[in-house]
Amino acid sequence: MRVLLVGAGGVGTAVTRIAARRDFLTHMVVADYDLARAEAAVAALGERGARFSARRLDASDQDAVHRLLIDERCDVLLNATDPRFVMSLFQAALDAGAHYLDMAMSLSAPHGSRPYEECGVKLGDEQFTQARRWAEAGRLALVGMGVEPGLSDVFARYAADELFDDIEEIGVRDGANLTVEGYDFAPSFSIWTTIEECLNPPVVYEKDRGWFTTAPFSEPEVFDFPEGIGPVECVNVEHEEVLLIPRWVEARRVTFKYGLGDDFIAKLKTLHELGLDSTASVTVPGEHGPVRVSPRDVVAACLPDPAGLGERMTGKTCAGTWVKGTKDGAPREVYLYHVVDNQWSMREYGSQAVVWQTAVNPVVALELLSTGAWSGKGVLGPEALPPRPFLDLLTEYGSPWGLRDGS
C-alpha cells in the first residue's frame, strides 16, 4: 500500500513512527506545507525510514494534491491536517481515484437564528453529500478515523454487535489527568481544533427528535475514568461521533462529553468574548506594513506546540464509549475504553500521549484495508465496518483496550 500522508505535525509525525514498525506499508509520502517539518519526521525514523519520503505540499491546493497522488501512485490519502483542509483533500483523493481517511470531518456552521436549538450545517455534511460519487467510483472515504471520532465509534459498533440487545444511550466520554510542567495553559491537542469543537453548539441525537443543539458546555456530569484517572467533570462538546454513530448503530440517544475543567472552560470563554476564536482575518500592523491575520491563528502561534509538550507532560489520557441498555432482558451498562500513559508513549515512540492515541487508529485502519479485513465504498464512518478485526489488531500493536462492566 502506498500512502500520501498530508500533515507532519504532532499526529502526522506519530503516524510515521507507528507505521514504520508495520510491514503492510510499501511507501508513505509525508507531505507538509513546511518541507523541513516533513523531512524531520522522515529523518527521525532512522533505518526504518527507507519506505518514507518527504514532499512540500499546500493542503489547500487541490490541484497540487491531485498531482502528487498521481505522481506517487498513492492508493490512499491520509489527512492529518486540521479540519479547514478536509474538503480540498477529500475532493483531490476522489478525483485521483484514491481512497481517503481523515480523523476530523468537514466543518459545521451554526443555525442562523436558533444556534442552541437547531443544527445548521452539521459536521461531515459536505462529505456525505458526495457519498454517491464515492460509491460510483468504487472508492472508500473512511471519515472520522482517529481516536474520537474513530476508536470510540468502533466501540459503539462492538457494543451493539456483541454486548447489547437494545441500547438506550451511547455516550462518548473523554477525560485525562495530564499535567504540563511550566505552563498554566498548554492544550495537549491543536488549539485551533479545540476552539472549534468546544465553542460551537454541541450536537445531541435522540431517536424521536433527530439531531439538535444545546449551549456550549451544557449538561455537566462527573464521570469516573479508569486506570487511576478518577472522577472528571465532563460537558457537552460538538463532536463527530454524535453525527456518525446514529447512521449505523441503533440507539435512542447519543452524546459526546469532554472533561475540560473549570479553568480550561473559563479561558475558552474569554477567548470567545474577546473575539480571539474568530477565523475571519483582521488587519494588524506589521514590520513591513499592514498584515491580514486570523485571531485564532494568533492564539495558536502564541501557545506551545502540543507535539513538543511530551517531555514536560505527565499522566494518562482516556478515550471511551459508555453504553447503557439491556442484554438478555437485564439492564446493562459498560464503558469501553483506551488509556495511554504519556510516560509509555514517550518512551516507546517519542510522541506525547494524546497525539499518539489519535495517530495509532488510522494506521490500524490502513493495515486492515491493505489486508482486506476492512473494505467498502462510499463515505463511511468506522461504525459501518466490523469492529472485532480492528480491536484485535489494536491489541497486537501493543496498546490494548479495556471494558468496565457496570451492570
For this session: Applying side-chain hydrogen bond (donor to acceptor under 3.5 Å, both in side chains), run through R404 and Y337 and close with a yes or a no.
Result: CA-CA 8 Å; R404 183 176 66 193; Y337 63 88; over 6 Å; no
If you measure from the Lys or Arg side-chain nitrogens to the Asp or Glu carboxylate oxygens, is any gap between [X] and [Y] under 4.0 Å?
X    : Y    : result
D166 : R252 : yes
R209 : E118 : no
K327 : D405 : no
R388 : E162 : yes
D32  : R55  : no

Exercise. Do we get R22 above F24's six-membered ring, with its NZ or CZ under 6.0 Å from the centre and within 45° of the axis?
Worked result: no
Problem set entry | Lys NZ or Arg CZ of R21 over Y349 ring: under 6.0 Å, within 45° | yes
Can a donor-acceptor pair be found between the side chains of [X] and [Y] at a distance below 3.5 Å?
X    : Y    : value
Q343 : T314 : no
E148 : Y258 : no
N236 : S218 : yes
R173 : T255 : yes
Q352 : N342 : no
T26  : R2   : no

Exercise. Between L140 and Y100, is any pair of side-chain heavy atoms under 4.5 Å apart?
Worked result: no
For this session: Determine, stepwise, if the pair Y158 / L163 fulfils side-chain contact (heavy atoms from CB on, under 4.5 Å).
Result: CA-CA 7 Å; Y158 174 75; L163 305 180; 3.8 Å; yes
Would you say [X] has more than 12 foreign heavy atoms packed within less than 6.0 Å of its [atom1]?
X    : atom1 : value
K324 : NZ    : no
E250 : CD    : no
F264 : CZ    : yes
H27  : NE2   : yes
R132 : CZ    : no

For this session: Test E117 against H111 for side-chain hydrogen bond (donor to acceptor under 3.5 Å, both in side chains), laying out the working first.
Result: CA-CA 8 Å; E117 293 86 20; H111 190 277; over 6 Å; no
Problem set entry | Check: F90 ring centroid to W134 ring centroid under 6.0 Å | yes
Exercise. Taking the six-membered ring for Trp, are the ring centroids of F155 and W322 within less than 6.0 Å of each other?
Worked result: no
For this session: Please assess R17 against S351 for the test side-chain hydrogen bond (donor to acceptor under 3.5 Å, both in side chains), listing each intermediate value before the final yes or no.
Result: CA-CA 9 Å; R17 294 171 180 176; S351 296; 3.2 Å; yes
Seminar exercise, completed: Checking V339, L151, V154, T395 against W401 for side chain to side chain contact (heavy atoms under 4.5 Å, CB included), the one that qualifies is T395
Problem set entry | Partner of F390 by side chain to side chain contact (heavy atoms under 4.5 Å, CB included), out of E367, M145, R157 | M145
Exercise. What residue among H272, R296, K269 forms side chain to side chain donor-acceptor pair (under 3.5 Å) with D277?
Worked result: H272
For this session: Determine, stepwise, if the pair Q91 / L94 fulfils side-chain contact (heavy atoms from CB on, under 4.5 Å).
Result: CA-CA 5 Å; Q91 189 62 56; L94 177 60; 4.0 Å; yes
Exercise. Going through the distances and angles, do E238 and S108 end up as a side-chain hydrogen bond (donor to acceptor under 3.5 Å, both in side chains)?
Worked result: CA-CA 9 Å; E238 181 191 49; S108 63; 2.6 Å; yes
